[in-house]
Amino acid sequence: MESGMISVDKWSSGSQAYFLTHLHADHTAGLSSTWNRGPLFCSRLTAKLFPCKFPGFDLSLLRVLDIGCWHSLSLITPSSGSTAAVSVKAIDAQHCPGSVMYLFRGEFGCMLFTGDFRWEKIGNGMEIARTMLLDALKNETLDILYLDNTYCNPRYSFPSRELAARQVVDIINSHPKHDIIIGIDSLGKEDLLLYISRALNIKIWVWPERLQILHLLGFHDHFTTQTSLTRVRAVPRYSFSVETLEGLNSLRPTIGVMPSGLPWAEKALKRKGTLFGSFPSDIKMHDLSGDSKNIARRYHEYIYVVPYSDHSCFSEIQEFIELLRPINIKGIVSSSSSYIDPCYYFGHLCGTKQAYWRIHRKVENEEGIDRVEADETKSAEENTASSVAGRKRKIDQVDFLGIRVSRVSLLRRLSHGVKIAHNEYLS
DNA sequence: GCGATCAGTT
DNA sequence: CACAACTGATCGC
């Protein structure tokens, strides 16, 4: 607890500088309007949205980091008491408005914390982020990559958001007389709504608090709170249900579109035995869904589910890792029923592991990945957070030379026989 | 009233 | 059933 210098998306006491990647609730747990633990760094857009999420927050504590610019911090090394220079750069994470990754450089080396991110080729955002990352790294190696490993499994394959958006428009067009309900959260998926609005040349209804956020984001023309102006309404996801749709249909013909859900996992790699027995590098890693076949699924008489994701799919994670070639990777999300250490799949792409893997493969071709995983677990200096009571949800803390990041986790540690390389939760 | 945690929902 | 993101109930202060 006392050795931390920097925290990312983690809000317990003991750090000298706190970094927020984005404003979704699962990354702000512990933050509140009464925050008084010192400066909090975030992107300009996140700072702008901040008062909506935390009214009364002392905004003088916010430190805006402009995307692509290095910022220097002078921190105190807890052990020696001497000052240590740390540089940090924020890079667009393409997850939701304001979301960023943080690249840190200091005496400890180089580390990147992705927060939640999407690494898709479509659109120019990824090219810009790519250039920024490579420029920032130059020839230096990335020592640790703290990775959004939400969908770090080959069974997760889904299309670009633009393609998914096109599918939503197709669904709407094929129901010209229907009202349309789209389930969204309080932040995120704005591009989808804009795409629909532009493609159909109609406004989209949103609830008042959501309109306020959209206005802060600079979208003034495409949204309204007047029901009479449009047949397309975006509603809070928690108010989107079979019952809601059935109720609405007793008034007027209405369909619901849910841009998320997980129908993607259905097809690929059902056979777990094959998955676990296979050599990571043998897995077919390129995405199966290049074409616009029926990616949208009819989930119910009135409900369609479209795989619109703000997290990277497996092949995107792979490309990201191939680009950066980090020495080590840590997943920031552990949801144990499906959690697999990123190194299970990508250890062979990592800096030192790469050499290790090549030699190892030559010597004994049959060897599984257990040794690699074992090495992984040993290499991290980790300690558990202050013995939390709950067993379902827990945020753990990881120490790496004084830098602490959160491990956002839903610890549903059921059976499933999934390999869990990390054992730091058990103390 | 506030913050943290837990259960439950799409 | 997988997930992320969220609401609402409850508990302790």
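Residue numbering restarts at 1 for every chain, and letters A, B, ... go by the order of the sequence lines. The structure displayed is predicted, hence computed values, not measured ones.
Within the nucleic acid shown, A:Asp116 comes within 4.0 Å of sugar-phosphate atoms alone, with no base atom in reach, counting heavy atoms only. Within the nucleic acid shown, A:His95 comes within 4.0 Å of sugar-phosphate atoms alone, with no base atom in reach, counting heavy atoms only. Residue contacts for A:Thr34: at a heavy-atom cut-off of 4.0 Å it reaches the sugar-phosphate backbone alone, with no base atom in range.
Residue A:Arg37 qualifies as enclosed at atom CZ: its count of foreign heavy atoms under 6.0 Å is above 12.
Regarding A:Asn153, its CG atom lies at a distance of 14 Å from the C1' atom of C:dC1, rounded to whole Å. For the pair A:Leu31 CG and C:dC6 P, the computed distance is 14 Å after rounding to whole Å. In this entry the distance linking CZ of A:Arg161 with P of C:dA4 reads 16 Å, nearest Å. One can place CD of A:Glu246 at 12 Å from P of B:dT10, the figure rounded to the nearest angstrom. With rounding to whole Å, A:Tyr238 atom OH is found 12 Å from B:dT10 atom C1'. If you take OH of A:Tyr299 and C1' of B:dT10, they are 7 Å apart, rounded to a whole angstrom. If you take CZ of A:Arg297 and C1' of B:dT10, they are 16 Å apart, rounded to a whole angstrom. Regarding A:Phe158, its CZ atom lies at a distance of 13 Å from the P atom of C:dC3, rounded to whole Å.
Closest to the A:Phe240 side chain, of the nucleotides C:dA5, C:dC3, B:dT10, is B:dT10. In the set C:dA4, C:dC6, C:dC3, the nucleotide with an atom closest to the side chain of A:Tyr156 is C:dC3.
Considering only side-chain N and O atoms, A:Thr150 lies under 4.0 angstrom from the phosphate OP1 or OP2 of C:dA4. Considering only side-chain N and O atoms, A:His27 lies nowhere under 4.0 angstrom from the phosphate OP1 or OP2 of C:dA4. The shortest distance between the side-chain N/O atoms of A:Ser241 and the OP1/OP2 oxygens of B:dT9 is not below 4.0 Å.
Close placement of the A:Trp35 and A:Tyr18 rings is indicated, their centers lying within 6.0 Å of each other. Ring pair A:Phe19/A:Phe113: centre-to-centre distance not below 6.0 Å. Ring centroid separation for the pair A:His311 and A:Tyr156 does not come in under the 6.0 Å cut-off. Between A:Phe314 and A:Tyr345, the distance from one ring center to the other falls under 6.0 angstrom.
Under the 30°/60° scheme for interplanar angles, the aromatic rings of A:His178 and A:His175 are found to stand perpendicular. Note: A:His24 and A:His22 have perpendicular aromatic rings, judged against thresholds of 30 and 60 degrees for the angle between ring planes.
Listed in residue order, the members of residues 182-190 of chain A having a heavy atom less than 4.0 Å from DNA chain C are A:Asp185, A:Ser186.
If you check distances only, the side chain of A:Arg155 never reaches the base of C:dA2 with a donor-acceptor pair under 3.5 Å.
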